[in-house]
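Both ligands and their constituent atoms are indexed starting at 1 by order of listing. Because only heavy atoms are used, hydrogens play no part in the values below, and waters and symmetry mates are left out as well, while side chains stay in.
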Amino acid sequence: MSLAEITARLRKAEQAASRPAGSVQLIAVSKFQPDERVEAVLQEGYRLFGENRVQEAAGKWPAFRERFPGTEVHLIGPLQTNKARQAFDLFDAIHSIDRPRLAQTLARLAQESGRCPALFIQVNTGEEPQKAGVLPGDLDAFVADCRALDLPVQGLMCIPPVDADPAPHFAMLAEMAGRNGLSGLSMGMSDDFETAVAHGATHVRVGSAIFGARN
Ligand SMILES: *Cc1c(COP(=O)(O)O)cnc(C)c1O
């Protein structure tokens, strides 16, 4: 696969769902990829990337950004509170808000600086004990808490359980976003992004299908 092929599949999925071409943002997930592969995609003109770890992103994106202006990088992996400031400065969006303490820390940083990355709340739709994310039953209260802190919550994010049919998880996330008046839906990866688009994804996070297997 390549970026061009994935983009073509995404356009088809948008069309099949009667959604405007380009209405879904393709986040090219560059975690654990060698710099040459990432640079090749930047050279093709692509400018929207996702990273899983603050440290890894801090090591590679400041230099790439200087060489390729207009590049956006989103944090899609878990965020420890003690890395919140670094993440706040490094990323254009954070997809993994999942607890009050982190929300409070980001709210303080936003107040100090007068700006804030776009924020997505991660929901643990499969209620998996080892997985990050707010439990579905706690979501509405957490959205209200974030709003009370003036955080710019744009939408919800989920990672369905590995061996499950992702469709019911995407449907659940869309329903929860709708009832909370949130327009963003970050869902769908290499193996299921077309299903996610059919369920209303606004952001799909695709790594290995674009860049190849990770190290
Ligand atoms: C790694 C990762 C992806 C991309 O996974 P692929 O299967 O390589 O497309 C998407 N979302 C999150 C949260 C990830 O950690």
Side-chain angles (χ1 to χ4, degrees), residues 1-13 24-38 40-41 46 48-61 72-80 83 87 90-99 102 117-135 153-167 169-170 172-174 176-177 184-215:
M1 287 287 160
S2 67
L3 177 66
E5 283 169 276
I6 296 303
T7 303
R9 280 172 57 186
L10 182 57
R11 293 291 93 86
K12 262 198 199 141
V24 181
Q25 306 250 310
L26 172 63
I27 301 172
V29 177
S30 49
K31 66 181 185 196
F32 308 134
Q33 296 289 352
D35 281 357
E36 312 84 74
R37 289 190 194 164
V38 180
V41 171
Y46 209 69
L48 176 57
F49 295 84
E51 286 286 342
N52 221 38
R53 295 191 183 166
V54 177
Q55 227 50 49
E56 186 186 354
K60 79 181 166 202
W61 283 103
E72 255 194 54
V73 186
H74 292 197
L75 179 66
I76 60 170
L79 178 55
Q80 293 168 268
K83 298 225 172 89
L90 196 55
F91 295 103
D92 301 286
I94 298 173
H95 292 233
S96 49
I97 310 305
D98 66 352
R99 55 196 192 280
L102 180 58
L119 301 178
F120 290 77
I121 294 172
Q122 182 172 355
V123 185
N124 186 355
T125 55
E127 308 198 23
E128 296 173 277
Q130 82 287 5
K131 201 168 264 177
V134 181
L135 291 172
V153 179
Q154 186 177 323
L156 305 180
M157 178 272 221
C158 77
I159 309 170
V162 175
D163 292 319
D165 174 5
H169 295 270
F170 296 155
M172 185 200 293
L173 200 71
M176 290 188 293
L185 282 171
S186 168
M187 57 190 196
M189 318 197 329
S190 289
D191 289 337
D192 56 19
F193 71 90
E194 284 136 325
T195 307
V197 170
H199 285 87
T202 58
H203 296 68
V204 294
R205 312 177 306 264
V206 179
S208 42
I210 294 173
F211 293 104
R214 285 182 282 275
N215 296 328

Classify the contact between [X] and ligand 1 as side chain, backbone, both or neither, using a heavy-atom distance cut-off of under 4.0 Å.
| X | answer |
| --- | --- |
| Arg214 | side chain |
| Asn52 | side chain |
| Asp191 | neither |

Pair Phe120 + His203: ring centers closer than 6.0 Å: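 Under 6.0 Å, so yes.
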Would you mind running through ligand 1 and noting each atom that sits below 4.0 Å from a heavy atom of [X]?
| X | answer |
| --- | --- |
| Arg205 | 4 (C), 9 (O), 10 (C), 11 (N), 12 (C), 13 (C) |
| Ile159 | 13 (C) |
| Ser208 | 6 (P), 7 (O), 8 (O), 9 (O) |
| Val206 | 9 (O) |

Would you say the side-chain atoms of [X] pair up with the backbone N or O of [Y], donor to acceptor, closer than 3.5 Å?
| X | Y | answer |
| --- | --- | --- |
| Gln33 | Gly212 | yes |
| Glu127 | Leu135 | no |
| Ser186 | Met157 | no |

N/O separation below 3.5 Å, Gly207 to ligand 1: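 Yes, Gly207 has an N/O under 3.5 Å of an N/O on ligand 1.
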For atom 12 (C) of ligand 1, the option (of Ile27, Ile76, Ile6) bearing the nearest heavy atom: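 Looking at heavy atoms only, Ile76 sits closest to atom 12 (C) of ligand 1.
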